[in-house]
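For reference, the structure is listed below as structure tokens.
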Amino acid sequence: FAGMPLGKALTDKVRNQWGVDLYTYTSAGHTGTAWEGQEHDGYILWEDTVLAETLDTVTGQRVGDREIGELVATDLDNGAAPYIRFRSGDIVRITQAPAPNGRTHARMWVLGRSGDEMLVAGKPVMLSEVWHFVELTPELTDGIFQIVRYADVMDRLRVRAGYPPDRSSGDLEDLRHRATGALETGLGVPVDVELCPIDDLLATTSSVAKFSRVVSA
């Protein structure tokens with residue numbers, strides 16, 4: 001299947017509660033795909049088909065092993081229309097260290113898209129980080145939320161979170177307080193949380209494959 005990535009809570013549910021040995025995959029800079037290994041710890045890049053670089057998003061210089069940068073990919077096996085140093089827009093970490101299972105191809109962890117980074121109260125915040133801390137609140141483990149981007153540089157992070165009315169206690173103020181606390185503690189920035197019934201939030205998107213995680217005010 002393709003579409004939105006799975007959050008950690010849903011991935012754990014599929015693997016541990018449903019008993020499905022689930023493997024996820026991602027794009028290797030549009031040169032092909034990269035799949036998880038058996039440890040589910042990073043996506044394996046097929047280095048006989050792609051030359052993967054990780055470049056600083058500002059300076060364009062290479063970053064070190066496991067440091068954060070943009071994936072820049074070059075096709076090695078496409079003789080007709082290869083991508084040459086294609087700037088993927090994916091923000092990743094890459095290591096050349098062998099995987100625990102012995103695989104020696106590079107492994108990659110995807111943190112988000114270049115447009116996912118926001119500056120909040122002077123601190124960079126990634127969409128994937130917000131996702132992680134939203135799911136720490138039990139009622140919000142479905143991971144249905146939106147960041148309301150009201151300015152290029154924001155003094156507070158605004159999060160619109162979907163909750164399931166049938167699985168919530170009814171004390172929405174307590175839920176909002178707990179969700180706000182988890183986000184502020186984890187991200188280190190001021191946060192405003194708006195709660196919406198999950199079906200109402202899902203109804204705002206027109207795509208069956210992708211839910212808009214960042215919306216304009």
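Numbers here are sequence positions counted from 1. Remember, it's a predicted structure, so these values are computed and weren't measured experimentally.
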How close do [X] and [Y] get, counting heavy atoms only, and between which atoms?
X    : Y    : value
F211 : F145 : CE2-O, 3.1 Å
L201 : I144 : CD2-O, 3.8 Å
D41  : R107 : O-NH1, 3.2 Å
L10  : L6   : CD2-CD2, 3.4 Å
A28  : L71  : C-CD2, 4.1 Å
L55  : G60  : CD1-O, 3.7 Å

Side-chain heavy-atom pair [X], [Y] within 4.5 angstrom cut-off:
X    : Y    : result
D142 : I198 : yes
H132 : E129 : no
I91  : T57  : yes
V215 : I147 : no
R113 : D90  : yes
D48  : L76  : no
T204 : S212 : no
D199 : P197 : no

| query | So which pairs with a foot in residues 67-84 pass side-chain hydrogen bond (donor to acceptor under 3.5 Å, both in side chains), sequence neighbours left out? | reply | E70-R87

Are [X] and [Y] connected, step by step, through hydrophobic side chains (Ile, Leu, Val, Met, Phe, Trp, Tyr) whose heavy atoms are closer than 4.5 Å?
X    : Y    : result
I44  : V110 : no
V125 : V159 : yes
W109 : Y23  : no
L111 : L136 : no

Atom pair [atom1] ([X]) and [atom2] ([Y]), whose distance is rounded to the nearest 0.5 Å:
X    : Y    : atom1 : atom2 : result
H177 : T137 : NE2   : OG1   : 11.0 Å
K13  : W18  : NZ    : CH2   : 6.5 Å
Y25  : T33  : OH    : OG1   : 7.5 Å
K8   : W131 : NZ    : CH2   : 13.5 Å
R178 : D174 : CZ    : CG    : 4.5 Å
L119 : E117 : CG    : CD    : 8.0 Å

| said: Tell me every residue that passes salt bridge (Lys or Arg N to Asp or Glu O under 4.0 Å) with D65, counting only those two or more places apart in sequence or in another chain. | reply: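 D65 satisfies salt bridge (Lys or Arg N to Asp or Glu O under 4.0 Å) with no other residue.
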
| query | Relative to the ring of W46, is the ring of H105 parallel (under 30°), tilted (30 to 60°) or perpendicular (over 60°)? | reply | tilted

| message | Y163 vs L140, test: side chain to side chain contact (heavy atoms under 4.5 Å, CB included). Steps then yes/no. | response | CA-CA 6 Å; Y163 70 94; L140 306 181; 3.9 Å; yes

| request: Show the numbers, then the answer: is there a side chain to side chain contact (heavy atoms under 4.5 Å, CB included) between F86 and T31? | output: CA-CA 9 Å; F86 173 72; T31 66; 5.9 Å; no

| Is E194 paired with R158 through a side-chain N to carboxylate O contact shorter than 4.0 Å? |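 Salt bridge absent between R158 and E194.
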
| query | Taking it one step at a time, do V120 and D155 satisfy side chain to side chain contact (heavy atoms under 4.5 Å, CB included)? | reply | CA-CA 5 Å; V120 182; D155 56 353; over 6 Å; no

| query | Does CG belonging to D152 count more than 12 external heavy atoms closer than 6.0 Å? | reply | no

| message | Within the supplied structure, the quantity of interest is the number of heavy atoms (other residues, nucleotides, ligands) at a distance under 6.0 Å from R62 CZ; does it exceed 12? | response | no

| query | Which pairs pass salt bridge (charged side-chain N to carboxylate O under 4.0 Å, His left out) with one or both residues in residues 19-36, sequence neighbours excluded? | reply | R15-E36

Verify, without hydrogens or angle tests, whether [X] (side chain) and [Y] (backbone) share a donor-acceptor contact under 3.5 angstrom.
X    : Y    : value
Q38  : N101 : no
E135 : A9   : yes
T205 : L202 : no

| said: Walk me through whether T49 and E47 qualify under side chain to side chain contact (heavy atoms under 4.5 Å, CB included). | reply: CA-CA 5 Å; T49 65; E47 292 187 282; over 6 Å; no

| Donor + acceptor pair across side chains of Y43, T24 (<3.5 Å) | yes

| Matching residue for L157 among T180, V130, D192 - test: side chain to side chain contact (heavy atoms under 4.5 Å, CB included) | V130

